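Keep in mind that this is a model prediction, so the values were computed, not measured. Only this structure's heavy atoms are used, side chains among them; waters, hydrogens and symmetry mates stay out.
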Amino acid sequence: YTSSDHLTSDQRKTLQDFLYILQISLPSSSSIQPMLKALLEQFFNNNNQEEELEFLRSIIKPYMLEDTITWSSACTQHSITGFTCGLWTLFHISSVGFAFQAGNIEWEKQTNMSLLSPGKIADTLRNFIDYFFRCEVCVDHFLYNYDSCNYDRCNRLVYNNNDRNNNNNNIIPTIKEWKEYILWL
């Protein structure tokens, strides 16, 4: 949260979508998976918005790292803050996860990949940054570039199957399309 208020329905949907993206793109053996599962199963089935923040904290608490953990040297160079660097590293790891899993039929069936696309996932990241990232300058810079289609985002990322000039909406994004997402991010 960037405030102590409860989540709006758009913020709640964005957080749920973001956590789902992490769950399906990160390795199943990742130490973050139990927390993602707990959040997706418990937090989004809770309708008590008055105590939402406290409930979220109670789910996360068993998975929190000790205060003695330090950021990697890569995330502390050149005055980069650890959290910002760590978050972008997580985005990049997640993007590679999609490209790595693309073509794995069992994974695609389990995750219902026909409903996801590089463009839709990019939109979720955009909204996550807008709603939950605390660095105002960073948010403004990212949103300006994203919303202006800079880096040719609007042409590079497939949003739906109509972008491929066909009418079959059950086609799963190709490995090449997921790799383009990695390059864009």
Side-chain angles (χ1 to χ4, degrees), residues 10-33 35-37 39-40 72 74-75 77-78 80-185:
D10 286 344
Q11 290 171 325
R12 194 174 180 85
K13 175 77 170 112
T14 296
L15 181 58
Q16 185 174 21
D17 290 350
F18 177 72
L19 294 174
Y20 179 68
I21 286 168
L22 293 179
Q23 185 181 46
I24 64 175
S25 64
L26 297 176
S28 59
S29 61
S30 171
S31 61
I32 197 173
Q33 286 293 357
M35 182 181 69
L36 294 171
K37 182 179 180 189
L39 285 166
L40 288 165
S72 69
C75 283
Q77 296 177 23
H78 313 292
I80 297 174
T81 63
F83 177 79
T84 302
C85 177
L87 184 62
W88 279 101
T89 300
L90 182 62
F91 291 163
H92 287 286
I93 291 169
S94 173
S95 73
V96 170
F98 281 108
F100 179 77
Q101 294 285 6
N104 177 338
I105 302 301
E106 283 306 308
W107 179 78
E108 290 172 349
K109 286 180 186 175
Q110 290 173 356
T111 58
N112 204 0
M113 285 303 294
S114 63
L115 301 177
L116 297 174
S117 70
K120 289 177 185 175
I121 290 176
D123 284 348
T124 298
L125 291 183
R126 180 235 180 262
N127 293 337
F128 181 84
I129 290 167
D130 186 23
Y131 293 141
F132 299 108
F133 200 52
R134 290 182 179 218
C135 172
E136 190 174 332
V137 173
C138 306
V139 171
D140 290 345
H141 179 73
F142 181 81
L143 294 181
Y144 171 79
N145 283 296
Y146 191 89
D147 295 343
S148 301
C149 291
N150 288 350
Y151 310 106
D152 206 24
R153 174 190 62 83
C154 295
N155 294 318
R156 292 173 67 186
L157 300 182
V158 172
Y159 275 81
N160 59 49
N161 295 309
N162 295 331
D163 292 345
R164 296 188 189 109
N165 298 317
N166 67 51
N167 294 323
N168 185 351
N169 285 327
N170 292 321
I171 296 175
I172 295 170
T174 66
I175 293 170
K176 181 180 178 186
E177 290 165 341
W178 285 115
K179 286 182 179 178
E180 190 61 36
Y181 172 70
I182 295 170
L183 294 172
W184 167 78
L185 186 61

Can you name the nearest heavy-atom pair linking [X] to [Y], along with the distance?
X    : Y    : answer
N150 : W184 : O-NE1, 4.3 Å
F133 : C138 : CE2-CB, 3.4 Å
Y181 : I121 : OH-CG2, 3.2 Å
K37  : Q23  : CA-NE2, 3.8 Å
T14  : F128 : CG2-N, 3.3 Å
L143 : D130 : CD1-OD1, 3.4 Å

Counting only N and O atoms by type, is there a donor-acceptor contact under 3.5 Å from the side chain of [X] to the main-chain atoms of [Y]?
X    : Y    : value
S94  : L90  : no
Q33  : L26  : yes
S30  : I32  : yes
Y146 : N127 : no
R156 : Y151 : yes

> In Å and rounded to the nearest 0.5 Å, what is the CG to CD distance from L15 to Q11?
Replying inline: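 These two atoms lie 9.0 Å from each other.
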
>> I want to check something: taking the side chain as every heavy atom from C-beta on, are W178 and I182 in contact at a cut-off of under 4.5 Å?
In response: no

> Within a strict 4.5 Å, meaning less than it, do heavy atoms of the D140 and Y144 side chains meet?
Replying inline: no

> Is the NE2 atom of H92 crowded by more than 12 outside heavy atoms at less than 6.0 Å?
Replying inline: yes

> Would R126 and D147 count as a salt bridge (Lys or Arg N to Asp or Glu O under 4.0 Å) if you check the C-alpha gap in whole Å, the side-chain angles of each, and the deciding distance to 0.1 Å?
Replying inline: CA-CA 9 Å; R126 180 235 180 262; D147 295 343; 2.9 Å; yes

